[in-house]
**Student:** 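Can you read through this structure? Questions will come right after.
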Amino acid sequence: MTRTPVNVTVTGAAGQIGYALLFRIASGHLLGPDVPVKLRLLEITPALGAAEGTAMELDDCAFPLLQGIDISDDPNVAFDGANVALLVGARPRTKGMERGDLLEANGGIFKPQGKAINDHAADDIKVLVVGNPANTNALIAQAAAPDVPAERFTAMTRLDHNRALSQLSKKTGVPVSEIKKLTIWGNHSATQYPDIFHAEVAGKNAAEAVNDEKWLAEDFIPTVAKRGAAIIEARGASSAASAANAAIDHVYTWTNGTAAGDWVSMGIPSDGSYGVPEGLISSFPVTVTDGAYEIVQGLEINEFSRTRIDASVKELAEERDAVRALGLI
Ligand SMILES: NC(=O)c1ccc[n+]([C@@H]2O[C@H](COP(=O)([O-])OP(=O)(O)OC[C@H]3O[C@@H](n4cnc5c(N)ncnc54)[C@H](O)[C@@H]3O)[C@@H](O)[C@H]2O)c1
Ligand SMILES: O=C(O)C[C@H](O)C(=O)O
């Protein structure tokens with residue numbers, strides 16, 4: 001294989017998402033079946049042993065695309081030359097814990113990591129923040145990386161997108177492969193707004209096909225928006241394999257593009273579209289071409305949607321103000 005390997009840095013590599021993620025990256029699902037990768041694992045010092053164990057297992061898979069694994073507890077080393085950075089390591093929300101409590105606990109992690117990306121990553125770096133609160137952690141990392149183009153910092157709402165696809169499929173009896181143009185707006189939190197007004201189910205408008213506003217307001221939206229909490233309640237731990245799967249989907253789409261006639265949801269820095277204040281990292285419908293995403297423009301936003309988008313964006317603005325007050329941005 002002559003192609004230069006892509007350096008993929010994963011933080012929190014010894015955690016439960018890390019364990020579900022690394023083997024899929026190494027087997028070609030993140031970037032494509034012909035793209036060799038080098039893994040850079042970042043962990044806190046006490047978890048380096050566990051990361052070593054995972055690296056041993058990766059070795060034992062003899063993945064043809066995996067061209068090396070480095071492990072470090074120093075962000076300056078782990079992000080050196082990184083082309084893709086998956087910022088997973090964070091403190092997961094546990095039973096009864098509010099997201100707001102996570103801001104301070106996690107803010108300190110993402111500022112130094114943003115600075116290390118600024119100082120050491122490759123020029124084409126793409127960053128996906130998974131660790132919660134993902135949108136605001138992405139904002140913190142971005143603020144610490146003034147030399148990296150702002151649009152390279154993204155937050156994961158693809159899990160919410162996939163959850164919405166699955167719920168809509170169950171309701172309509174149409175396979176997910178025939179559902180297009182769903183959108184998650186706003187924050188990766190319980191205020192997020194999964195929007196089916198522009199979605200298509202087997203070629204028909206989804207809202208019209210469902211024709212059940214009560215189900216939409218009282219079942220679909222809360223089920224999708226509170227799915228993370230429901231999984232914590234059921235498993236006693238936050239989602240891991242589905243989160244890893246969504247991270248793979250996010251980066252694969254960002255690198256390889258969206259399918260014709262469809263879009264995906266990504267948390268990205270707002271350019272002011274749809275009334276979302278510029279700079280907030282909010283989820284939008286996007287298409288991707290040649291490794292660059294673009295917000296889908298011109299969608300009509302009805303009153304039902306407007307109220308819900310505004311509520312989630314208000315929460316994002318409050319999180320931004322809170323981390324600003326803490327000196328994190
Ligand atoms: N955006 C989403 O859709 C989504 C979905 C699920 C989970 N999450 C979030 O992802 C994060 C990780 O979840 P998990 O279940 O893997 O948690 P986990 O506790 O199993 O693993 C987290 C790992 O991060 C490591 N870590 C902590 N601080 C670090 C640092 N400064 N540098 C490097 N590594 C560090 C820990 O040692 C641990 O191994 C959580 O914040 C969780 O809430 C997000
Ligand atoms: O870790 C959480 O708070 C939940 C997670 O973000 C999820 O959506 O599954």
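Heads up: numbering here begins at 1 and tracks the sequence. Order of appearance sets the numbers: ligands from 1, and atoms from 1 within every ligand.
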**Student:** Would you mind running through ligand 2 and noting each atom that sits below 4.0 Å from a heavy atom of S239?
**Tutor:**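 Result: 7 (C), 9 (O).
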
**Student:** Examine the proximity of ligand 1 to I17 and report which part, side chain or backbone, both or neither, has a heavy atom under 4.0 Å away.
**Tutor:**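 It is both backbone and side chain that touch ligand 1.
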
**Student:** Does S238 have a non-hydrogen atom less than 4.0 Å from ligand 1?
**Tutor:**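 Judged by the 4.0 Å heavy-atom criterion, S238 does count as contacting ligand 1.
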
**Student:** Using a 6.0 Å distance limit plus a 45 degree cone around the ring axis, check whether K126 lies over the aromatic ring of W254.
**Tutor:**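 Output yes; distance and angle both within limits.
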
**Student:** So, D249 versus N162: side-chain donor-acceptor pair below 3.5 Å or not?
**Tutor:**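 Yes, a side-chain donor-acceptor pair sits under 3.5 Å.
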
**Student:** Quick one: look at M156 and ligand 2, take heavy-atom pairs under 4.0 Å, and tell me if it's side chain, backbone, both or neither.
**Tutor:**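 Near ligand 2, M156 shows nothing, with every heavy atom at 4.0 Å or more.
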
**Student:** With distance as the sole criterion, is a donor-acceptor pair present between the side chains of Q16 and R235 under 3.5 Å?
**Tutor:**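 Side chains of Q16 and R235: pair found under 3.5 Å.
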
**Student:** Return yes when K226 approaches ligand 2 closer than 4.0 angstrom through a heavy atom, no otherwise.
**Tutor:**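 Not so, K226 does not reach ligand 2.
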
**Student:** Taking non-hydrogen atoms only, is L159 closer than 4.0 angstrom to ligand 1 via side chain, backbone, both or neither?
**Tutor:**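 Side chain only; the backbone of L159 stays clear of ligand 1.
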
**Student:** Run the numbers for me: atoms of ligand 2, each under 4.0 Å from some heavy atom of N132, listed by number.
**Tutor:**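 Contacts of ligand 2 toward N132, numbered from 1: 1 (O), 2 (C), 3 (O), 5 (C), 6 (O).
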
**Student:** Is it true that H188 lies under 4.0 Å from ligand 2, counting heavy atoms only?
**Tutor:**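 Under 4.0 Å: yes for H188.
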
**Student:** Applying salt bridge (Lys or Arg N to Asp or Glu O under 4.0 Å), which residue pairs with at least one partner in residues 181-198 are found, sequence neighbours left out?
**Tutor:**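 Every salt bridge (Lys or Arg N to Asp or Glu O under 4.0 Å) pair that includes a residue of residues 181-198, provided the two are not neighbours, is K181-E200.
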
**Student:** Any idea which of H188, Q16, R227 brings a heavy atom closest to atom 3 (O) of ligand 1?
**Tutor:**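 The nearest heavy atom belongs to H188.
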
**Student:** Distance under 4.0 Å to a non-hydrogen atom of S239: what atoms of ligand 1 satisfy this?
**Tutor:**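 So the atoms of ligand 1 that pass are 5 (C), 6 (C), 7 (C).
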
**Student:** Is there a donor in the side chain of S72 and an acceptor in the side chain of D74, or the other way round, less than 3.5 Å apart?
**Tutor:**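 Distance-only check fails for S72 and D74.
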
**Student:** Under 4.0 Å, heavy-atom basis, I'd like to know which part of A243 is in contact with ligand 1: side chain, backbone, both or neither.
**Tutor:**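 Side chain only; the backbone of A243 stays clear of ligand 1.
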
**Student:** Which of the numbered atoms in ligand 1 are under 4.0 angstrom from any heavy atom belonging to A14?
**Tutor:**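 Per the distance check, 39 (O).
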
**Student:** Has ligand 2 got any nitrogen or oxygen that is less than 3.5 angstrom from a nitrogen or oxygen of D160?
**Tutor:**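 Between D160 and ligand 2 (N or O atoms, distance only) the closest approach is not under 3.5 Å.
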
**Student:** Using 0.5 Å steps for rounding, measure from the OG1 atom of T191 to the NZ atom of K226.
**Tutor:**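 Between atom OG1 of T191 and atom NZ of K226 there are 11.5 Å.
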
**Student:** As a test of understanding, state which of K115, Q113, H120 forms a side chain to side chain donor-acceptor pair (under 3.5 Å) with N76.
**Tutor:**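 Exactly one pass, corresponding to H120.
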
**Student:** I need the atoms of ligand 1 closer than 4.0 Å to a non-hydrogen atom of G12, numbered in the order shown.
**Tutor:**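 In order of number, 23 (C), 24 (O), 25 (C), 33 (C), 34 (N).
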
**Student:** Honestly curious: do L165 and V286 fall in one hydrophobic cluster under the side-chain, below-4.5 Å linking rule?
**Tutor:**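 Hydrophobic grouping puts L165 with V286.
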
**Student:** Which atoms of ligand 1 are found less than 4.0 Å from any heavy atom of Q113?
**Tutor:**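 Listed by number with element: 30 (C), 31 (N), 32 (N).
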
**Student:** To the nearest 0.5 Å, how far apart are CG in L22 and CG in L41?
**Tutor:**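 If we round to the nearest 0.5 Å, L22:CG and L41:CG are 5.5 Å apart.
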
**Student:** Quick check on I231 - does any of its heavy atoms sit under 4.0 Å from an atom of ligand 2?
**Tutor:**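 Per 4.0 Å heavy-atom rule, I231 does not contact ligand 2.
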
**Student:** Roughly how far, to the nearest 0.5 Å, is the CD1 atom of I17 from the CE atom of M156?
**Tutor:**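 Going from the CE atom of M156 to the CD1 atom of I17 covers 6.5 Å.
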
**Student:** Could you say whether the N/O atoms of D160 and ligand 1 ever approach to under 3.5 Å?
**Tutor:**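 In fact, backbone or side chain, D160 has no N or O that close.
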
**Student:** Distance alone, cut at 3.5 Å: any donor-acceptor contact between the side chains of N245 and S242?
**Tutor:**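 No, no side-chain donor-acceptor pair sits under 3.5 Å.
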
**Student:** Should we count CG of D123 as having more than 12 external heavy atoms under 6.0 Å?
**Tutor:**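 Counting neighbours around CG of D123, 12 or fewer heavy atoms of other residues, nucleotides or ligands fall under 6.0 Å, so no.
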
**Student:** Does even one non-hydrogen atom of R158 get within less than 4.0 Å of ligand 1?
**Tutor:**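 R158: no contact with ligand 1 (<4.0 Å).
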
**Student:** Mind running ring pair (Phe, Tyr, Trp, His ring centres under 6.0 Å) on F197 and F304 for me, showing each step along the way?
**Tutor:** CA-CA 10 Å; F197 284 100; F304 183 96; 5.6 Å; yes

**Student:** Looking only at N/O atoms, are G89 and ligand 1 under 3.5 Å apart anywhere?
**Tutor:**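 No - when backbone and side-chain N and O of G89 are compared with those of ligand 1, no distance drops under 3.5 Å.
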
**Student:** With respect to N132, determine whether any N or O atom, backbone or side chain, lies less than 3.5 Å from an N or O atom of ligand 1.
**Tutor:**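 Yes.
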
**Student:** Which of the atoms in ligand 2, numbered in the order shown and given with their element, are less than 4.0 Å from a heavy-atom of G228?
**Tutor:**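 Numbered from 1, ligand 2 contributes 4 (C), 7 (C), 8 (O), 9 (O).
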
